[in-house]
Number of protein chains: 4
Amino acid sequence: MRADAQDNRKRVLAAAEEIFGRTPGASTEDVAKLAGVGIGTVFRHFPTKTELLEAVLTVRLERLRDRATELAGEADAGAAFFGFFSQVVAEASTKLAIAEALLASGSAAGASARNAGAGMREAFGTLLSRAQQSDAVRDDADFPEVYALLIGASRGATAANLEPLVRDKMLEILYDGLRPDRS
Amino acid sequence: MRADAQDNRKRVLAAAEEIFGRTPGASTEDVAKLAGVGIGTVFRHFPTKTELLEAVLTVRLERLRDRATELAGEADAGAAFFGFFSQVVAEASTKLAIAEALLASGSAAGASARNAGAGMREAFGTLLSRAQQSDAVRDDADFPEVYALLIGASRGATAANLEPLVRDKMLEILYDGLRPDRS
Amino acid sequence: MRADAQDNRKRVLAAAEEIFGRTPGASTEDVAKLAGVGIGTVFRHFPTKTELLEAVLTVRLERLRDRATELAGEADAGAAFFGFFSQVVAEASTKLAIAEALLASGSAAGASARNAGAGMREAFGTLLSRAQQSDAVRDDADFPEVYALLIGASRGATAANLEPLVRDKMLEILYDGLRPDRS
Amino acid sequence: MRADAQDNRKRVLAAAEEIFGRTPGASTEDVAKLAGVGIGTVFRHFPTKTELLEAVLTVRLERLRDRATELAGEADAGAAFFGFFSQVVAEASTKLAIAEALLASGSAAGASARNAGAGMREAFGTLLSRAQQSDAVRDDADFPEVYALLIGASRGATAANLEPLVRDKMLEILYDGLRPDRS
DNA sequence: TATGAATGAGACTTCATTCAT
DNA sequence: GATGAATGAAGTCTCATTCAT
């Protein structure tokens, strides 16, 4: 692919992330406008609106996966786990809007997004295991429910449009539930 | 209003609840078809798609409010609180889809839905206070964060499409966080 | 026809005259509301919106015909002619709106309105002849062009939404053209 | 704008002028069909039916303004004035239908049409003044009533669907009224 | 007869997608 | 490759007309 084509692809992707993060119902034309390209260019790189949304979601998920992988190398496993959890929740609103837009487009996420999601979940699973091994998280919490809590906290924070302070208090309650019994 | 008109109104509302619960992006025509009436009838009862969505959401919220009010009379305040919490989460998926559809229709919930929402929150607040007075829920948990947890758990369960078993384990963790310190 | 049916018919007609005079694009429902009857009643008396409009127009035209016939008996033929002319122009706006509504309904005026129109034109023709015989109007002005002037002045006054003063000055110019040569 | 787009814009405008001139209540689809383009194309060039109608009306008014301006340079001021008057009346029917369609679309003419109208009136005012200065039109006729006569004659000719001969006789009467007193 | 709820064709408008330039 | 004009299916909503109550 030519260099300028590469460039355009990136600009479209960035524009899409911004627009769909704000307005899940935005039109493809809006994306083109923000990216500063013609609408034809958007469709050349992403033959379908669904594919564009998937690409955006994939980028987001890969970023999270990378962050999780990075944190997996840290010494304090508990801090790594809870730090990642908090960060995901803090950044949730944009990503969720995108996921919803994708859903509304009438398609479950395609292969690439699914892969990125799987990678992210795997990395998060590692963080969880290590936190449990170092006694920072209770042992009887299995991955599915912890992951559901991550999703739920993200969505709760987004939907209620929580102030950071309230969000932190919500997470503190949740983390208390996740920590091993102190008795 | 005539009896048959009442009937149709109910059928439209029921159809809308079912359809939008499944497919937030559904068309008004779909609702009419499921209700077995002409599209004109839908618009006669709900002059705007937004109003239809609001009506559906209002019904849902009123149902929850009534349930909360009812539980507020029970002897075991802790059981009442956690029972309501669990029920809301269990039934969340449909209601959430409706709320999303409403949002996508470009309007914050109107007066009636807002009222019903406020009523529901108030009743839930009462359940929380009583649970705290009877030492079933920790005292330092204020309403905003607890409500955010309710929303979040609902959305998490819905989004992840959790099996009941996993959902219960998720809630168990959450409830542990909400209970007073066990030390 | 029963007395109350007669009554309803009149009320519908009056309401239609008022509404269509103001708002040529008004709906039949609006007429029913103003008349204080159900929409079914409107359609029972006037099976078609077009027929309703025609009835209204017919009433108007008959009123004008009667006025012209009445004036034909007056002594001063010139005063009668110009008086009628001025009155028609002054009252034009409502009637025109109705005629337009009828036109927009996609039908030339039907039999009854045509008859009433013919009657009115005939009476106006008599006024003109008598005015010419008494030297109040020039002899070389034939009916078609004088009638066109009547229509035109009516429409001009209506369209331009003239103040009465300007309208009178306009008519004065026109009347000067209609009077016999002053040499 | 690309050449082919320019072309289509013109074709749509021409089609609209023809259709709305004949049938004020015509649908946008009809315009598209006559123009030989998809309905989407009509809306791309004129995002609203109202805007399309305005554009058509503006074109018409600008044409008249240009003609008036052109005539203002002629030597015989009287001939210029009466010539313009006659031409406006002769071409009135189409323009009027368009103006009505615009009115029915629920909007007073927008900026561009208003501007064009003002320009036309100004140019017509100049024609009038010059005709008065050269004693071709009576001095006590002010602009408002003369303009009302122009509108009225146009509408009268249109509404009555006059044959050219009758129209000319009507105008002759009107012009006699406008000329200075011959005594 | 009166009522007003039901109907559905048709209007305007949006937007994902295609294709000539 | 890029552009943006063209397309038309689909959605929301209106309203003349019909029909059950």
Side-chain angles (χ1 to χ4, degrees), chain A residues 1-9 25-33 36-52 105-106, chain B residues 1-9 12 25-30 32 35-50 52 105, chain C residues 1-2 4-5 8 25-33 36-52 105-106, chain D residues 1-9 12 25-30 32 35-50 52 105:
Chain A
M1 195 186 296
R2 273 160 38 179
D4 56 344
Q6 283 278 12
D7 245 42
N8 272 340
R9 193 178 197 282
S27 73
T28 313
E29 184 101 35
D30 292 337
V31 174
K33 226 167 258 163
V37 304
I39 192 173
T41 303
V42 175
F43 274 90
R44 158 165 287 271
H45 288 291
F46 306 93
T48 274
K49 194 183 190 184
T50 298
E51 282 173 73
L52 173 57
S105 95
Chain B
M1 199 187 298
R2 268 160 40 182
D4 54 344
Q6 283 276 13
D7 251 40
N8 270 336
R9 192 178 198 282
V12 169
S27 75
T28 311
E29 183 105 35
D30 292 337
V37 302
I39 192 171
T41 301
V42 177
F43 276 95
R44 159 172 278 270
H45 288 291
F46 306 94
T48 278
K49 193 183 191 184
T50 297
L52 173 56
S105 95
Chain C
M1 196 184 297
R2 273 162 36 179
D4 56 343
N8 273 340
S27 72
T28 313
E29 184 101 36
D30 292 337
V31 174
K33 226 168 257 164
V37 303
I39 193 174
T41 304
V42 176
F43 274 91
R44 158 166 286 272
H45 288 292
F46 307 94
T48 273
K49 192 183 192 184
T50 298
E51 283 174 71
L52 172 57
S105 94
Chain D
M1 200 185 298
R2 266 157 43 179
D4 55 342
Q6 283 276 12
D7 251 40
N8 270 336
R9 192 179 197 282
V12 168
S27 74
T28 311
E29 182 104 36
D30 292 337
V37 303
I39 192 170
T41 301
V42 176
F43 277 93
R44 159 170 279 269
H45 288 291
F46 307 94
T48 277
K49 192 183 192 184
T50 298
L52 173 56
S105 94

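Residue numbers begin at 1 in each chain, while the letters A, B, ... track the order of the sequences.
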Does a side-chain N or O from [X] land closer than 4.0 Å to OP1 or OP2 of [N], or not?
X	N	answer
Thr28(C)	dC15(F)	no
Thr41(B)	dT7(E)	yes
Asn8(C)	dA2(E)	yes

Complementary nucleotide for dA10(F) - Watson-Crick or wobble, under 3.5 Å: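 Matched dA10(F) with dT13(E) under the 3.5 Å cut-off.
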Complementary nucleotide of dG4(F), counting Watson-Crick and G-U pairs under 3.5 Å: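 Partner of dG4(F): dC19(E).
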Integer-rounded Å distance: [N] [atom2] and [X] [atom1]:
X	N	atom1	atom2	answer
His45(B)	dG4(E)	NE2	P	14 Å
Asp30(D)	dG10(E)	CG	P	12 Å
Phe46(C)	dA2(E)	CZ	P	12 Å
Asp7(B)	dA20(F)	CG	C1'	14 Å
Lys49(A)	dC15(E)	NZ	P	8 Å
Phe43(A)	dC15(E)	CZ	C1'	9 Å
Glu51(A)	dA16(E)	CD	C1'	13 Å
Glu29(C)	dG4(E)	CD	C1'	8 Å

Closest-nucleotide ordering on DNA chain E, the 5'-leading residue of Gly40(A) and Gly25(A):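 Between the two, 5'-proximity favours Gly25(A).
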Residue closer to the 5' end of DNA chain E, Ser27(A) versus Ala26(D) (nearest nucleotide):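 So the residue in question is Ala26(D).
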I need the minimum non-hydrogen distance between [X] and [Y], along with the two atoms involved.
X	Y	answer
Glu51(C)	Pro47(C)	OE1-CD, 3.5 Å
Ala32(C)	Val42(C)	CB-CG2, 3.7 Å
Leu52(B)	Phe46(B)	CD1-CD1, 3.6 Å

Minimum-distance nucleotide (side-chain atoms of Arg44(B) versus dC12(E), dT12(F), dA5(E)):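 Nearest listed nucleotide: dA5(E).
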Options dT17(F), dG8(F), dT7(F), nucleotide nearest the side-chain atoms of Ile39(C):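 Of the options given, the side chain of Ile39(C) lies nearest dT17(F).
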Distance in Å, Arg44(A) CZ paired with Arg9(A) CZ, rounded so as to fall on 0.5 Å steps: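 That separation rounds to 13.0 Å.
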Gap separating the NZ atom of Lys33(A) from the CD1 atom of Ile39(A), nearest 0.5 angstrom: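 With rounding to 0.5 Å, NZ (Lys33(A)) is 9.0 Å from CD1 (Ile39(A)).
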5' precedence on DNA chain F between Val42(D) and Gly36(A) (nearest-nucleotide basis):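 Comparing both residues, the 5'-ward one is Gly36(A).
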